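Every heavy atom of this structure was used, including side-chain atoms; hydrogens, water molecules and symmetry mates were not. So that the names make sense, note that chain A is the first sequence line, chain B the second, and so on, each numbered from 1. Note that the coordinates shown come from a computational prediction; the quantities given were computed from them, not determined experimentally.
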Amino acid sequence: MIDLKYIEKNFDEAAAKLKKKGVDTQILEKLKTLFVQLKEANSALEAAQAEQNSMSKLFGQYKREGKDVGELKAKVDENKERIAQLQEKAREAEAALYEVALAIPNFPDDAVPEGEDEEDNVELRKVLEPRRFDFEPLEHWALAEKNGWIDFERGVKLAKSRFSVLRGDAARLERALINFFLDTNREKGFEELCVPFMNNAHMLQGTGQLPKFEDDLFKIEGEDLYLIPTAEVPLTNMYNGEILPESELPVLMTGYTPCFRKEAGSAGRDTRGMIRQHQFDKVEMVAIAHPEKSDDVFEMMVQNASDILTALGLPHRVVELCTGDLGFSAARTIDLEVWLPGQNKYREISSISNTRDFQARRAKIRFKDGKKNKLVHTLNGSALAVGRTLIAIMENYQNEDGSIEIPEVLKKYM
RNA sequence: AGGCAGGUGGCCGAGUGGUCGAAGGCGCACGACUGGAACUCGUGUAGGGUUAAUAGCCCUCGAGGGUUCGAAUCCCUUCCUGCCUGCCA
């Protein structure tokens with residue numbers, strides 16, 4: 001959640017920042033008004049409560065001294081009713097505020113390039129030259145068919161469209177990639193975690209998926225549980241509500257999980273093949289960092305993900321997202337896009353974001369800064385999306401006869 | 001899933017209607033003592049909101065609701081933990 005006090009005190013600055021992300025100034029005006037109303041409602045309530053408290057103390061004293069409490073009781077009863085009314089008002093004001101506040105996205109960093117959509121993203125660098133083919137490279141679904149690697153039909157039969165089954169060497173390669181990613185991340189200092197694949201609503205609100213993006217999530221019927229859309233949710237919320245000693249920062253975590261997304265709103269996009277599925281595997285990095293160190297941690301995470309692609313021999317480029325393409329919680333995001341020769345395109349394979357204190361405020365993750373508690377910064381990024389890496393290997397390592405080489409670094413895992 | 005017992009500060013633990021945000025202990029921090037340390041002694045030590053404020057005030061004893069002038073304490077709901085029974089990888 002964004003800092004309401006900041007909006008109250010630096011309204012124009014806040015409005016300018018959020019405008020870059022496509023948020024209307026009117027909503028912010030409303031938010032500010034609601035915030036002030038809540039504070040007013042609360043202080044009225046608290047004044048009445050203070051009165052009640054002191055009268056109640058008197059009441060006890062009178063009783064002990066054997067004085068008559070009739071008059072006092074009348075006063076206190078009257079005030080009690082007033083409190084109930086004020087409480088109701090405060091409650092309403094709070095609900096109205098949070099309904100708006102929780103739907104407002106994070107501020108983009110000042111340095112993020114301005115733009116409307118992905119067209120305006122900025123390529124920072126390319127890593128590795130794409131290989132030259134002396135034949136026409138196939139797309140991954142054609143290769144999958146030739147090798148019997150992906151069973152799209154039976155995936156659909158078992159679940160529904162946008163599900164698939166990996167078979168034989170593809171299944172083994174998927175597993176090898178997971179292990180390779182986890183080992184690499186662990187060597188970089190990330191603790192490996194194995195977490196629940198379902199999380200409750202409170203956690204999903206902490207990282208920003210709820211309440212606004214409920215339609216993108218699979219919910220378990222009759223339970224307060226959702227299938228996680230990314231390991232960012234359980235990993236970041238590991239410390240939900242906690243106060244960490246400063247000496248423990250940064251907390252670096254990595255974990256493999258399947259990810260479940262309804263892909264609402266992406267009808268018709270990437271329907272062929274395995275680019276966009278309802279379930280996919282991902283190895284995620286999450287960092288809980290000191291606010292002054294989060295930029296360094298961010299760079300490290302980008303470099304780590306890029307290094308993994310390099311180790312796999314996969315050409316990729318590093319792209320800084322523009323303000324309009326930033327996700328809801330992100331202040332800054334760098335995408336890694338891997339080269340897919342079959343599609344003749346770079347496609348997203350990792351997305352690394354610094355959410356600053358946006359998730360920390362929602363999830364109440366803090367650290368002890370001397371005597372005070374301050375919000376941490378949280379960061380997340382894929383290292384890497386497993387299914388898309390599999391696709392990239394298929395397309396980049398294909399031979400003319402349709403067979404696929406295994407990258408050197410993966411051989412020990414197969 | 002059923003039965004029983006519980007959920008109090010960083011930890012242990014007292015508290016069954018008012019003077020309790022909470023005894024005592026441990027831990028931790030600072031100070032005194034010391035050449036330095038241990039011991040000992042003293043002081044301090046939850047979170048959130050409002051605020052210029054570490055002043056005052058309000059809220060929080062798992063969570064939510066209720067009874068009461070007044071709730072950590074009584075009642076209801078719910079979540080969680082432990083043990084027993086059942087089921088199960």
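Across rC61(B) and rA53(B), the matching C1' atoms stand 28 Å from one another, rounded to whole Å. For the P atom pair drawn from rU73(B) and rG6(B), the interatomic distance equals 15 Å after rounding to whole Å. Of the C1' atoms belonging to rG13(B) and rC4(B), the separation is 23 Å, rounded to the nearest Å. Rounded to the nearest Å, the gap between the C1' atom of rG48(B) and that of rC33(B) is 40 Å. Spacing between rA1(B) and rC58(B) at atom C1', rounded to whole Å, works out to 43 Å. When the C1' atom is used for both rA46(B) and rA72(B), the distance is 15 Å, rounded to whole Å.
Sequence neighbours left out, not one pair with a member in residues 16-34 of chain A passes side-chain hydrogen bond (donor to acceptor under 3.5 Å, both in side chains). Residue pairs meeting the ring pair (Phe, Tyr, Trp, His ring centres under 6.0 Å) criterion with at least one partner in residues 20-76 of chain A, sequence neighbours excluded, do not occur; the list is empty. The side-chain hydrogen bond (donor to acceptor under 3.5 Å, both in side chains) contacts involving residues 83-108 of chain A comprise nothing, where partners must be two or more places apart or lie in separate chains.
Remark: Glu40(A) engages no residue in a salt bridge (Lys or Arg N to Asp or Glu O under 4.0 Å) (not counting sequence neighbours). Under the salt bridge (Lys or Arg N to Asp or Glu O under 4.0 Å) criterion, Asp117(A) pairs with no residue, sequence neighbours left out. With sequence neighbours left out, Glu174(A) forms a salt bridge (Lys or Arg N to Asp or Glu O under 4.0 Å) with no residue at all. Taking the ring pair (Phe, Tyr, Trp, His ring centres under 6.0 Å) definition, one finds that Tyr226(A) meets it with nothing, sequence neighbours left out. Shown here are the salt bridge (Lys or Arg N to Asp or Glu O under 4.0 Å) partners of Arg172(A), two or more places apart in sequence or in another chain: Asp169(A).
Around CD of Glu248(A), the count of heavy atoms belonging to other residues, nucleotides or ligands within 6.0 Å exceeds 12.
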Revision key, fill the gap. In B/S/- notation (B base, S sugar-phosphate only, - none; protein heavy atoms under 4.0 Å), nucleotides 54-60 of chain B written 5' to 3' is ---SSS-
**Study point:** Contact letters for nucleotides 17-23 of chain B, in which S counts primed atoms plus P, OP1 and OP2 and B counts the base, heavy atoms under 4.0 Å
**Key:** -B-----
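A donor-acceptor contact shorter than 3.5 Å links the side chain of Asn200(A) to the backbone of Met203(A).
Backbone-only engagement by Asn373(A) is indicated by non-hydrogen atom pairs under 4.0 Å involving sugar-phosphate atoms exclusively. Residue contacts for Gln52(A): at a heavy-atom cut-off of 4.0 Å it reaches the sugar-phosphate backbone alone, with no base atom in range.
Rounded to a whole Å, the NZ atom of Lys5(A) is 9 Å from the P atom of rA52(B). Regarding Glu40(A), its CD atom lies at a distance of 11 Å from the P atom of rU51(B), rounded to whole Å.
Between Phe163(A) and Phe218(A), the ring planes are tilted. Angles from 30° to 60° get that label. Using cut-offs of 30° and 60° for the angle between ring planes, the Phe367(A) and His290(A) rings count as tilted.
Considering only side-chain N and O atoms, Arg366(A) lies nowhere under 4.0 angstrom from the phosphate OP1 or OP2 of rG47(B).
The stretch residues 81-99 of chain A touches RNA chain B through Arg91(A), each having a heavy atom under 4.0 angstrom from the strand.
Taken from CD in Glu320(A) to CZ in Arg332(A), the straight-line distance is 4.5 Å, to the nearest 0.5 Å.
Residues Leu128(A) and Trp339(A) are not in side-chain contact: their nearest non-hydrogen atoms beyond the backbone lie 4.5 Å or more apart.
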Check your understanding: Pairs counted as Watson-Crick or G-U wobble with both distances under 3.5 Å: what dot-bracket string results for RNA chain B, using | for bases tied to another strand?
Key -> ((((((((.[[[..)..(.....]]]((((((.......))))))(((((.....))))).[[[[[..)....]]]]])))))))....
